[in-house]
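Starting from 1, each residue takes its place in the sequence as its number. Both ligands and their constituent atoms are indexed starting at 1 by order of listing.
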Amino acid sequence: MTIPKIVILTGAGISAESGLSTFRAQNGLWEGYDVNDVATYEGYIRNPTAVHDFYNMLRRKLQNPNVKPNAAHFALAELEQKLGSEHVLIITQNVDNLHEQAGSKNIIHMHGELLKVRNEKTGQIIDYFNDVNYQQNKFIRPHIVWFGEIPLQMEQIYDALSQVDYFISIGTSGNVYPAAGFVQIANQMSAKTIELNLEPSLDQSLFQTKIYGVASKIVPNFLATLI
Ligand code: BV8
């Protein structure tokens, strides 16, 4: 029996039970901030200190010992361990490192990573765990893909989607492109498409299988049927 190629797309919903807030629960105001002020390059240029304050707050929050992977993250790591990294790829829209903490290895962070910063002058990307002090180095920016910027590793993503057998979307509202368009590619590849979410996403009609509930329950249950 050939082992299927499984591509999993995760969004903020998979980390909700780990204590990290999602984007659109608070009617578009994220952590009390307007997305246009803190998640666009224009917002950064307008007020870099305010944007660094915002990401410094999120970076500290992520490193709070109470923020840990939940059963959904662990179930995905177990799936990769059982089937092999060449058969399981996580494409995450999340900038947290909970998939890594749970043990997953084959991960693409298409919207960047909170625990990395990028030097705008040299392009160098480094691991970074503290507050960024913009006054000290004006070239250091969060290694985050803001709205209007090009998501990372799109070549690898389209390549993986061209060979996908199972496309599983977990904890995403289907608001943000190009991520929200991946299910259409999977359908064109005649893959099995599954949505695991708290409630129907904007894309729900494009999925063959839809299971609703909290990720920590429905993800381990569904993945058990694949192993
Ligand atoms: C690009 C970084 C070109 C910040 C993020 C008009 C129409 C269509 C598209 C556009 C348009 N105008 C502009 C665009 C493009 C734009 C876009 O899509 N805008 C939208 C808002 C209309 N996209 C871009 O700009 C992207 N770049 O398009 O470049 C291009 C295109 C193709 C190829 C090359 C170039 C860049 C987008 C990246 C923006 N940056 N994050 C940061 O994270 O600090 S996006 C941000 O939203 C996060 O990454 C987040 O992950 C992502 C998506 O949100 P979700 O993860 O889905 O979170 P949300 O809160 O929305 O939903 C949570 C879900 O979980 C809910 O459904 C909820 O029910 C569920 N849930 C909650 N609790 C649980 C749960 N599920 C299970 N269990 C639970 N316990």
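- The side chain of I144, and not its backbone, has at least one atom closer than 4.0 Å to an atom of ligand 1 (non-hydrogen atoms only; side chain from C-beta on).
- Across all their heavy atoms, A72 and A215 have their closest contact at CB-O, 3.6 Å.
- Checking E195 against S169 by side-chain atom types alone, no donor-acceptor pair falls below 3.5 Å.
- Contacts with ligand 1 closer than 4.0 Å are made by side-chain heavy atoms of V95 only, the backbone lying farther away.
- If you check each of P178, G171, S21 against atom 64 (C) of ligand 1, the one with the closest non-hydrogen atom is G171.
- Here's the thing with A16: none of its N/O atoms is less than 3.5 angstrom from an N/O atom of ligand 1.
- Atom CG of N56 and atom OG1 of T49 lie 10.0 Å apart (nearest 0.5 Å).
- You'll find the ring centres of H143 and Y128 outside the 6.0 Å limit.
- F139 places none of its side-chain heavy atoms less than 4.5 Å from the side chain of Y134.
- Each of the atoms 2 (C), 5 (C), 38 (C), 39 (C), 40 (N), 41 (N) of ligand 1 lies under 4.0 Å from some heavy atom of V145.
- At a heavy-atom cutoff of 4.0 Å, ligand 1 is contacted by the side chain of P151 but not by its backbone.
- For the residue pair T92 and T10, a side-chain donor N or O sits within less than 3.5 Å of a side-chain acceptor on the partner.
- Across the listed options F54, Y177, Y158, Y55, Y177 owns the non-hydrogen atom lying nearest to atom 15 (C) of ligand 1.
- For the residues E199, H109, H111, the heavy atom positioned nearest atom 49 (O) of ligand 1 is part of H111.
- Inclusion of F147 in the set of residues having an N or O under 3.5 Å from an N or O of ligand 1 is not warranted.
- Of the heavy atoms in W30, only side-chain atoms (C-beta onward) come closer than 4.0 Å to ligand 1.
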